[in-house]
J.: 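One structure is given below, represented as structure tokens, and several questions about it will come after.
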Amino acid sequence: MNTVFALIAAAGTYATALMFGTLGETLTEKSGNMNLGVEGIMYMGGIFGLIAANRYEAIVGEAASNGFMAIVIAILGAFAAGAVAGLLFSFITVTLRANQNVTGLAMTTFGTGVAKFAGEHMRNSLGGYVSVSNHLKDSFSMKIMPKFLQDIPLIGKVLFGQPHFFYLGILVAVLMHLFLTKTKKGLYLRAVGESPATADAAGINITKYRYIATIVGGGISAIGGMVYTMTTAGCVWIEASLAGVGWLSVALVIFCTWKPLNAIWGSVLFGSLMIMYLWIIVPFFPTELYKILPYVVTIVVLIIASMRNNKEKQPPANLGLNYFREER
Amino acid sequence: MAETSKKTPFVRLAKRELMSPAKAWGIRGAAILTALIIGSLPIMLVGVNPFAAYGVIVQGSLGKSVYLQQTVKIAVPLLGCALAIAPCFKMRFWNIGAEGQLTAGAIGASAIAFYLGKTLPGAVSIPLMFIIAAICGGIWGLIPGFFKAKYNTNETLFTLMMNYIAIGIAAWLQGGPWEGRPGTQIIDQFDPKTYLPKVFGVHAGWIIVLVLAVFMHIYMTKTKHGYEVAVIGDSENTARYAGMNVGKIMMRTMFLSGAIAGIVGFIVVSGANHTLTKGVAAGVGFTAITVSWLSQLNSYVMIFISALLAIISKGSSTLNQRMGVPASVAEIVSGILLFCMLSCEFFINYKLIFRKKSDKEA
């Protein structure tokens, strides 16, 4: 039992990156836009968050740099990169009416390319590698909860031993849940994703809702990439290590049945599954097969949801489809 | 919320009459040109003259027969997977699992090469690898096809997950039961008897995919199967009303699609790599989707588009060696190219009508 709690506590950092990725894509998909470019967006978030923090420190000087400011700037840098990607996706799919799947995949190619290029360019122009000083590194993975709470046996580390980004992610999830279920705008957004024709007839501006949801969603996903680089990867740009995080986030959106609150425990569960092979060793069961467990679980969820035809667990009815008013 | 102003909007859209193919391809050509111009921005950012850079890309991918052979080697799996995906997309079945189907086929082919490669003569083992790869890839495609047909399970997400499972199995084989020297995490090179013969310096895979291109073109345009796929793509209800068994056609098409991707897996294992790695697909399955879509699902156009992407990819690695431009510029330029070509379809299908002065007063 102790191992399980230790595992979950350790998974928190990795889970945080997934949580942001998932929340962003959930918001995007609620509008009916399926942006398969999350992988590319998180790559861009990863590098531009790092570059933003690095530049901030270079400008104000290492001594004067403030951990809190560095975090805010890294978030803004990543968010901006993701928002631009979301804008581009919306422009091509909503305004220019291109196929969403294909555009999303092109976004993945483009985003990973831009991120790798930017990373290598920074490395070449700065010499050595791009990073931040140690005291900023510490502030990025600081555990903010009071020590006595962390010392609670078993659950202390799980609930209170996480870096601040984890709690920020939970805050975003709760706010998104409230927005989608309790506000008029949230209702409109869901209507756009479920039945754009109906929403259009009711006078809701489909284009506006899809654009905004995709831009904000892209930004939130990109923060996940930044969190990954600044915590799990230790503030250093390692291209290969981010590979697959974005795709896992797309999977997680399904696993969480398009509900922001589910993303909290869902990402912790997936994060745990991803590192479980290090903690819970099952004799004779190979680790590589262990690692595909999250994907198998997602497929099972997908199948069961479709078999039961459970209305609560379905994707937005118009997910992945563009809306053409003249083809109503 | 509601539109209250009665003014004519500044720009409005109108569907075009069918544009002549020549003009449509002219627009697409212009889109490619635009993409290359935008793509020169990152090249200029690192202080390299874009004209020189594009020159190196062309020279480094087509200039020597060795380069050309390497470019063809990149284009072969891309074209093969694009051909595999086309019938699914025609049916509006969003199969983004070519990556996994390719890997499944590669695993099947490798199983034959691993266990029987030393004992069987090449004339037996190579065709056997081909067939097993097609079956493995086909089954990998059939699974999501079955659940889509039976329960309407979302195929985009299902096929995506199947990719990671196939890659995970390959990773397990690579580091586990098939590992060569313990601890290396690498499977030994297979017996040379299992290698695809070379024709004009490149493994014979290029002949296989060109034959497949012709086969798929005929299949899609001249056969009953191809017609059924097209009808389902246009309207599933129409297909059902016409008495077609939509589920069966879906499963059949997914098996075919997976089988072709599996054959590509065989080509990569037997022709290029001579071993199995978890990265056997190397993102080809995803890139091929864009190739397929940009070609309007036309087999012959796919040859051109996959060649174009292969030229950018091979040329960029030469560019990296000669001028120090990061090789990832290939992905950026490919991405921009895809965006531009996706966007240009809009201008082929619609025309923009700007508000005239006289409308303003009305």
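Both backbone and side-chain heavy atoms feed into the values below; hydrogens, waters and symmetry mates do not. Protein chains get the first letters and strands the later ones, always in sequence-line order, with residue 1 at the start of each.
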J.: Please classify the contact between Ile254(A) and chain B as side chain, backbone, both or neither, with a heavy-atom cut-off of under 4.5 Å.
T.: side chain
J.: Please evaluate residues Glu331(B) and Phe117(A) with respect to the criterion side-chain contact (heavy atoms from CB on, under 4.5 Å), reporting the C-alpha separation (whole Å), side-chain torsions for both, the decisive distance (0.1 Å), and the verdict.
T.: CA-CA 9 Å; Glu331(B) 289 166 65; Phe117(A) 187 90; over 6 Å; no
J.: Which of the residues Leu319(A), Thr112(A), Thr93(A), Ile299(A) is involved in the greatest number of heavy-atom pairs with chain B at under 4.5 angstrom?
T.: Ile299(A)
J.: Indicate yes or no: at least one non-hydrogen side-chain atom of Arg97(A) is less than 4.5 angstrom from one of Tyr350(B).
T.: yes
J.: How long is the straight-line distance from CZ of Phe110(A) back to OG of Ser334(B), given to the nearest 0.5 Å?
T.: 11.0 Å
J.: Heavy-atom pairs under 4.5 Å with chain A: which of Phe347(B), Phe147(B), Phe339(B) has the most?
T.: Phe339(B)
J.: Do the non-hydrogen side-chain atoms of Trp293(B) and Thr103(A) ever get within less than 4.5 Å of each other?
T.: no
J.: Which bit of Leu248(A) comes within less than 4.5 Å of chain B, counting heavy atoms only: side chain, backbone, both or neither?
T.: neither
J.: Could you check which of Gly175(B), Gly168(B), Pro42(B) has the highest count of heavy-atom pairs closer than 4.5 Å to chain A?
T.: Pro42(B)
J.: Look up atom CD in Glu345(B) and atom CD1 in Ile92(A), then write down how far apart they are to the nearest 0.5 Å.
T.: 12.5 Å
J.: For Tyr164(B) and Trp247(A), take the angle between the two ring planes, folded into 0 to 90°, and tell me which bin it lands in: parallel under 30, tilted 30 to 60, perpendicular over 60.
T.: tilted
J.: Return the OH to CD1 distance between Tyr151(B) and Ile304(A), rounded to the nearest 0.5 Å.
T.: 11.0 Å
J.: Could you tell me which of Ile96(B), Thr153(B), Leu45(B), Leu338(B) has the largest number of non-hydrogen atom pairs under 4.5 Å with chain A?
T.: Thr153(B)
J.: Among Thr298(A), Leu289(A), Val296(A), Leu293(A), which one satisfies side chain to side chain contact (heavy atoms under 4.5 Å, CB included) with Ile165(B)?
T.: Val296(A)
J.: How many angstroms lie between atom CG of Leu160(B) and atom CG of Leu36(A), to the nearest 0.5 angstrom?
T.: 7.0 Å
J.: Heavy-atom cut-off 4.5 Å, strictly under: side chain, backbone, both or neither for Val333(B) against chain A?
T.: neither
J.: Using non-hydrogen atoms only, which part of Thr95(A) is less than 4.5 Å away from chain B: side chain, backbone, both, or neither?
T.: backbone
J.: Would you compute the distance between atom OG1 of Thr109(A) and atom CD1 of Ile336(B) and round it to the nearest 0.5 angstrom?
T.: 11.5 Å
J.: What's the verdict on side-chain contact (heavy atoms from CB on, under 4.5 Å) for Asn99(A) and Trp94(B), showing C-alpha distance, side-chain angles and the deciding distance?
T.: CA-CA 11 Å; Asn99(A) 178 281; Trp94(B) 306 112; 3.1 Å; yes
J.: Work out which heavy atom in Ala106(A) is nearest to a heavy atom in Leu342(B); give both atom names and the distance.
T.: CB-CD1, 4.4 Å
J.: Using a cut-off of under 4.5 Å on heavy-atom pairs, state which of Thr156(B), Val46(B), Leu157(B) scores highest against chain A.
T.: Leu157(B)
J.: Contact between Ile303(A) and Phe158(B) at the side-chain level, heavy atoms closer than 4.5 Å - yes or no?
T.: yes
J.: Side chain, backbone, both or neither: which part of Met107(A) has an atom under 4.5 Å from a heavy atom of chain B?
T.: both
